[in-house]
Number of protein chains: 2
Amino acid sequence: MRTSYHEELDSIIDRLVHMAELAEAAIKTASEALLTADLTKAETVITNDAELDRLHEEMEYKCLSLLALQAPVAGELRIIVSAIRVVFELARMGDLAAHVAKIARLRYPAHAVPPQFQASFAEMADIAIEVIDVARLSLHDRDANQAKRLVEIDERMDDLRADQFTTMLAEDSDISIEGAVDVALLGRYFERYADHAVAVGRRVIYIITGQVPEGEDWPNA
Amino acid sequence: MRTSYHEELDSIIDRLVHMAELAEAAIKTASEALLTADLTKAETVITNDAELDRLHEEMEYKCLSLLALQAPVAGELRIIVSAIRVVFELARMGDLAAHVAKIARLRYPAHAVPPQFQASFAEMADIAIEVIDVARLSLHDRDANQAKRLVEIDERMDDLRADQFTTMLAEDSDISIEGAVDVALLGRYFERYADHAVAVGRRVIYIITGQVPEGEDWPNA
C-alpha cells in the first residue's frame, strides 16, 4: 500500500511536467496562429484546451484522494498541496493560449496584431515560451534556481507591455480602435502567462525548501 | 487537542466570510473611485489590498498546517482544501479591484470611463457587488442554491462586456484610443470578478456535496 502510494507521489511530478509540455505547445501554437494569422493553428489550440482542463480536474481529484486516503506528511504533503495549485496555474496558461487563439480566429483572415506591434508580440511570444520552458524545467529537476529566474523573465514581459502602452497612446499613434482593443487584451494575456509561470516557480521553491517565497519579487499571481 | 482542531475548522469558514467582506468593500470602493474619479478612494483600495494578500498567505499557511498536523477526513478535508482555493479566489478579486483603482488613479482628474460607457460600467459595478455578495452568503450559509445563482449572474456580466465591444467597434464609434484601451481592460477586470465568484461557488458546492460541479455552466475560472 505504501509503495503504491509513493509511486503515485512520484508520478505526480511527472504529470505536472506533462501538463507543462501541453501548456507550452498551446502557447507556442497560439503565438504562431496570432503572428501568422493561421486559422488552423488557432482552431487546434482552442480544441486542445479541453485536454488541459480535463487533466486539471483529474489531477485535482487524484491529489484530493491522496490527501483523503493517505496521511501524507512533510515533503509528501508539500508535493500534493503544491500540485493542486500548479495544475491550476498550468490550466490557466492553457486558457490564456485559447484566448489568444480566439482573437486570432476572430480577426482572420486579417492579422489581429497591427503591423507596428508585430515585433513586440514576437518578442512577447519568445518570452512566454521561455517562462513555461523554465517553469517545466524547474519542476522536472526540482531546481529552485531555475524557479527564481522566472521573476526576472517576468519583468522583461512587463517592460514590453509598458512599451506597448506608450506606443499606442503616443500623439503620432496611427492605431485603430480595433487594434488598440486587441493590443490591450493580447498584452494582458501574455503578461498573465508570465505571472502564472512565476506562481508555478513559487510552488516549486515551496516543494524544495518548505518555504513559500514572499515579498515584492514574488507577488501573488 | 481535537476540540481545538474542530474550533479551528469552524473558524475557517468565518475567516473566509471575513475575507469576502473585505473583497466586497474593495470592489465597491474601486467602482466608486472609477465612476466618480475619486482619487482618495482609489488610493484606499490600492493600500488596503495588502491586507487581503496578507490574509491569503496567513490562511493558506493555517490550512497547510491543519493538513500537516491533523489527519482531516471527509467533510473536514473538503473544507480545508476548498478554503485554500477560496482564499486565492478572494485575494484575486481584491487584486482586480486594485487594478481598477490604478486605472482610475492613472487618469485622475479625468474620468477613465468614457461618458458613453458610464452607464454600462455602473451596471457592471452593480453585478460585481452582487456576485461577491452572493458568494459571501453562499459561504456563510453553506448554501448550494445561492452558489448556483452565480452562474447566471456571470452570464449577465459577459453580455454587458459583449455589448461594450459592439459599441466600441461600431462604425459611428467616437471613442478615443485611450478610452478603448481603458474600456477593454476594465471590462476584462469586471468580467474576471464574476469568474472568480463562480469559482468560489464551485468550492462551496464541493464543501456541501462532495462533488465539484462540472460542465459548460461551471468553467474552470
Determine which residues belonging to residues 168-187 of chain A lie within contact range of chain B, meaning some heavy atom pair is under 4.5 Å apart, and list them by number or answer 'none'. A:Met168, A:Leu169, A:Ile175, A:Ser176, A:Ile177, A:Glu178, A:Ala180, A:Val181, A:Ala184, A:Leu185

Output the residues of residues 106-119 of chain A for which the shortest heavy-atom distance to chain B is under 4.5 Å, in residue-number order; output 'none' if no such residue exists. A:Arg107

Nearest non-hydrogen partners of [X] and [Y], listed with the distance:
{"X": "B:Leu90", "Y": "B:Ala23", "value": "O-CB, 4.1 Å"}
{"X": "B:Gly94", "Y": "B:Leu52", "value": "CA-CD1, 3.7 Å"}
{"X": "A:Tyr193", "Y": "A:Ala30", "value": "OH-CB, 4.4 Å"}

Bottom line for B:Tyr61: the part with an atom under 4.5 Å from chain A's heavy atoms is neither

Does any backbone or side-chain atom of B:Ile80 lie under 4.5 Å from a heavy atom of chain A? Answer side chain, backbone, both or neither. neither

Test side-chain contact (heavy atoms from CB on, under 4.5 Å) on B:Met59 and B:Leu16 and set out the steps. CA-CA 9 Å; B:Met59 283 292 292; B:Leu16 297 183; 4.0 Å; yes

Polar side-chain atom of B:Arg105 near backbone of B:Glu43 as donor-acceptor pair, under 3.5 Å: no

Short question: side chain of A:Arg202, backbone of A:Pro213 - any donor-acceptor pair under 3.5 Å? yes

Output, in order, the C-alpha distance, side-chain angles, deciding distance and verdict of side-chain contact (heavy atoms from CB on, under 4.5 Å) for A:Phe121 and A:Ser31. CA-CA 8 Å; A:Phe121 277 103; A:Ser31 296; over 6 Å; no

Report the C-alpha separation of A:Asp163 and A:Ser120 in whole Å, then their side-chain angles, then the decisive distance to 0.1 Å, and conclude whether the side-chain contact (heavy atoms from CB on, under 4.5 Å) test is met. CA-CA 9 Å; A:Asp163 291 345; A:Ser120 172; 6.0 Å; no

Show the numbers, then the answer: is there a side-chain contact (heavy atoms from CB on, under 4.5 Å) between A:Leu66 and A:Glu8? CA-CA 9 Å; A:Leu66 283 173; A:Glu8 288 217 74; 3.9 Å; yes

Below 30° counts as parallel, above 60° as perpendicular, anything between as tilted: where do the rings of B:His99 and B:Tyr189 land? tilted

